[in-house]
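Note sheet for the following structure.
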Number of protein chains: 2
Amino acid sequence: MCPAPLHETVPATTPAASLVFTTVLSHGPLTRAEVARRTRLSPAAVTKAVRPLMEVGYLVEDLDEQARPAIGRPANLVRVDGGRALFIGLKVTGDEIIAVLTDLCCRIRVARHMALTGREPAAVLPSLLAMVQELLTEAEGFGVRVCGLGIAVSGDVDRVDGVVRYSPFLDWRDVPLADVAATATGLPVTVDNDVRALTVAEQWFGAGVGLSDFALVTVGAGIGCGLVVGGRVVSGAHGVAGEIGHLSIDPRGPLCHCGNQGCVEGIAADPAILREVRAATGKPVATAAEALELARGGDPLAREVYARAGDAIGRAIGSVVNVLGPERVIISGEGLAAYDLFAEDIRTAFTRSAFGTAAQCDLMTRPLPFEEWARGAAATAIQSFIGPHTPQD
Amino acid sequence: MCPAPLHETVPATTPAASLVFTTVLSHGPLTRAEVARRTRLSPAAVTKAVRPLMEVGYLVEDLDEQARPAIGRPANLVRVDGGRALFIGLKVTGDEIIAVLTDLCCRIRVARHMALTGREPAAVLPSLLAMVQELLTEAEGFGVRVCGLGIAVSGDVDRVDGVVRYSPFLDWRDVPLADVAATATGLPVTVDNDVRALTVAEQWFGAGVGLSDFALVTVGAGIGCGLVVGGRVVSGAHGVAGEIGHLSIDPRGPLCHCGNQGCVEGIAADPAILREVRAATGKPVATAAEALELARGGDPLAREVYARAGDAIGRAIGSVVNVLGPERVIISGEGLAAYDLFAEDIRTAFTRSAFGTAAQCDLMTRPLPFEEWARGAAATAIQSFIGPHTPQD
DNA sequence: GTGGTTCTTTTCCACTGTCAATGAAAAAAG
DNA sequence: CTTTTTTCATTGACAGTGGAAAAGAACCAC
């Protein structure tokens, strides 16, 4: 087993190489001919792109297994050798830091959690860097170099400069996270909004593979949405997009802290559900889990609250679908724990509000544990490692 | 003066040439150096791209005027010579066909209207082709070749195949409009959704110039929306996007023909306003103009209807802005005739519903006569004439 | 004038991806 | 059992593209 080279070369320097690598990464083992068809490159170009990638070990040929067409010469399968590069992904929440060490295929090798004592940068940054050090040490055991670090933070994040512009949840303003982490660790660092990071992971490795237009809706403490339009993750003109938590779906709905009435988040996010369950039942429900238990137990008033939440989510999804016409909407987040309570309401509201062709949109759920968010951060690091040439539409 | 060549060469065959041409077209006279900076091409590449375009006459140098930097050599301005190619744009409505003959700069040279007797393809297509013939004859007077034909139709349009999948307004299904028009006229034909076509025109020549993310909201008989995300017009996975007319903004609102309640179109489109004004005032108002007159006259009940419409539009815009975070929203359409009646309500509702950074979005109006829609169709033709390499973000 | 600055062009040149031809490996056909 | 057909993969020649560097052009300031 050869040791990792001191300076990892970036796998893909040319557009074609980047495109080929991305395609193989997302669509599993592929024959060169298949890659050529998918990328619309010539077979010759694929051969030439694959060779250097195989020489550095990022791509390998599956010698034992072959793809046999009905007739004609059998094809050799090419796949990414995940073990040849490692990445670290971090997700910062208000309570803890979740960190994962992944390989080049974005498979999680190690996962760590660390509780936070404070939310201010002075409290979080040292923990964050300690976490990275811990995983770097862990990585030594694999004998493979860590090639990138991705950090996911909720809020308004400038991913180009790697600056957290404003995170309401953490109460951070203009924290140059990428610079801090890069100088402390020496790694290439990407910083992105957490939902966008998760969206990238889904686009490349999850339920968004092969789709040019889809949305990822996260339900939990807040309600968020990541968007992929024309094969590209949407960031908006000012770095913020997918704020469906504050879509107002009822002009006479409850007042939201944002000042508007009837926001989805004010009806269907965990705190709102808790508040409403308490108000409806009069019972001293303290946590989302307790509210859930009450509703599962059959309390009709509590169930009604969940039904309203489902209706709100379904209507919000309907709005996104009417505006963008995506091929699929993936529903995820901790709120999915209560999915059985409002699945029907979501679907009903969605079907009612989706207009015309938009109703062809595929609605699916995908329970993603918190580690997946950190994996999303790693995915952004992998993305910048590979290069920008993603397959378009 | 040299006559137009028999076979117009496509101006831009290489990516760089296409990019340079598009940049000069959108951003008016520019120096080569400025083009290089904007496109991030090398100055050498710009020179090489410009030369052949000047040889065929699509680009010219403004010899009389020069751009003088504070110090250093004065720069020569390059601009598009609109007169060297003509395009035809058609917009098909339920009542009439609007046709324009434009030059390469998409300036309207001739405009024509033709009333329609029926809406079915058998009635519309002959009129449409006659219209094209008329403009082709007209074009002969300019001594310049017509290089493309763009057709804009409302509804679900597959612009790649040039097929009208389903137009509710015309009650067309799967009409292969591009093929029909191409074989009849011998011109390269583009067919697109009307709002998207208008959006292209705004992106290249209107209020969207230089913006990577903006929305165009049209208010009138229906309520539509064209979207540009990351510099590209959004089409959605199934060819339909921007259906904000059926965003449901009030679960207890009036029933819409789509089956849902509280759709924007069921509150703020012309027919809805007419219906509501009649219902509120009890007066036999027959047309949108009459309703407008009544409200302008000071009828408080009628004004209230317009205020509600403005609120609905503002909320819909707020939804789009929260989802996509555009830099600007352009409001247009015949409905703008009543703008003074609901301008304030639109802005209030928008400001209330736009969350966080999204509120930085610039809200503006732009009265665009019906010819502009036909001009949009011409813009799609120009776009396909130039080639696909548009400046991205 | 001379030097500095900016615009523009020219002359290489590295590089990319396509083309067309070739070889390889299997199934189908005779 | 050979030949043909089909598909996959590779090779080498090649045409185009766009970049780097240098030179030229045109102007200002001194």
Side-chain angles (χ1 to χ4, degrees), chain A residues 9-24 27 29-55 59-79 387-389 391-392, chain B residues 9-24 27 29-55 59-79 387-389 391-392:
Chain A
T9 45
V10 174
T13 49
T14 77
S18 180
L19 192 55
V20 167
F21 190 83
T22 306
T23 305
V24 174
H27 297 88
L30 288 177
T31 69
R32 289 173 178 79
E34 184 60 27
V35 172
R37 281 188 290 265
R38 286 186 193 251
T39 57
R40 292 160 185 239
L41 289 168
S42 67
V46 175
T47 294
K48 282 185 241 185
V50 165
R51 199 192 337 267
L53 289 169
M54 289 188 57
E55 273 163 14
L59 290 181
V60 289
E61 228 162 22
D62 255 333
L63 286 177
D64 25 305
E65 211 155 348
Q66 285 188 323
R68 306 183 157 266
I71 54 172
R73 169 178 170 178
N76 296 325
L77 288 170
V78 175
R79 64 177 174 78
H389 299 278
Q392 296 294 318
Chain B
T9 44
V10 174
T13 50
T14 78
S18 180
L19 191 55
V20 166
F21 190 84
T22 306
T23 304
V24 174
H27 296 89
L30 287 176
T31 69
R32 290 174 178 78
E34 184 59 28
V35 172
R37 281 189 291 264
R38 285 185 194 253
T39 58
R40 289 159 190 243
L41 288 168
S42 68
V46 174
T47 293
K48 280 187 263 190
V50 166
R51 193 182 355 255
L53 289 169
M54 289 187 57
E55 273 163 14
L59 291 181
V60 289
E61 228 163 20
D62 253 332
L63 285 177
D64 26 303
E65 211 156 348
Q66 284 189 325
R68 304 185 160 265
I71 51 175
R73 169 179 169 177
N76 296 324
L77 289 171
V78 174
R79 63 176 175 77
H389 298 279
Q392 295 295 316

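Proteins come first, then strands; the chains are lettered A, B, ... in the order of their sequence lines, and each starts at number 1.
- Note that CG of B:Leu59 and CG of B:Leu53 are 4.5 Å apart. Values are rounded to the nearest 0.5 Å.
- To the nearest 0.5 angstrom, B:Thr22 atom OG1 is 13.0 Å from B:Arg38 atom CZ.
- Contact between A:Val24 and A:Val78 at its shortest, heavy atoms only, is CG1-O, 3.6 Å.
- For B:Arg73, there are no side-chain contact (heavy atoms from CB on, under 4.5 Å) partners at least two apart in sequence or on another chain.
- Applying the salt bridge (Lys or Arg N to Asp or Glu O under 4.0 Å) criterion to A:Arg51, with sequence neighbours excluded, gives no partner residue.
- Minimum interatomic distance between B:Val20 and B:Ala49 (heavy atoms only, all atoms of both residues): CG2-CB, 3.9 Å.
- Applying the side chain to side chain donor-acceptor pair (under 3.5 Å) rule to A:Arg37 yields the partners A:Glu34; only residues at least two apart in sequence or on another chain are considered.
- Atom CG of B:Asp62 is separated from atom OG1 of B:Thr31 by 12.0 Å, given to the nearest 0.5 angstrom.
- Rounded to whole angstrom, the span from the CZ atom of B:Arg51 across to the C1' atom of D:dT17 amounts to 14 Å.
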For nucleotides 18-21 of chain D, give me every protein contact, N/O to N/O, under 3.5 Å, one pair per line with atom names.
from: D:dG18; atom 1: OP1; to: B:Ala16; atom 2: N; distance (Å): 3.1
from: D:dG19; atom 1: OP2; to: B:Ser42; atom 2: N; distance (Å): 3.1
from: D:dG19; atom 1: OP2; to: B:Ser42; atom 2: OG; distance (Å): 2.8
from: D:dG19; atom 1: O6; to: B:Lys48; atom 2: NZ; distance (Å): 2.3

Side chain to side chain contact (heavy atoms under 4.5 Å, CB included) between B:Arg32 and B:Glu61, intermediate numbers included | CA-CA 10 Å; B:Arg32 290 174 178 78; B:Glu61 228 163 20; 2.7 Å; yes
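- Chain B approaches DNA chain C over the interval C:dT5 to C:dC12, counting the first and last nucleotide 5' to 3' with an atom under 4.0 Å from its heavy atoms.
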Filtered N/O pairs between nucleotides 26-30 of chain D and protein, under 3.5 Å:
from: D:dA26; atom 1: N3; to: B:Arg73; atom 2: N; distance (Å): 3.4

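- To the nearest 0.5 Å, the span separating CG on A:Asn76 from CG on A:Leu30 amounts to 13.0 Å.
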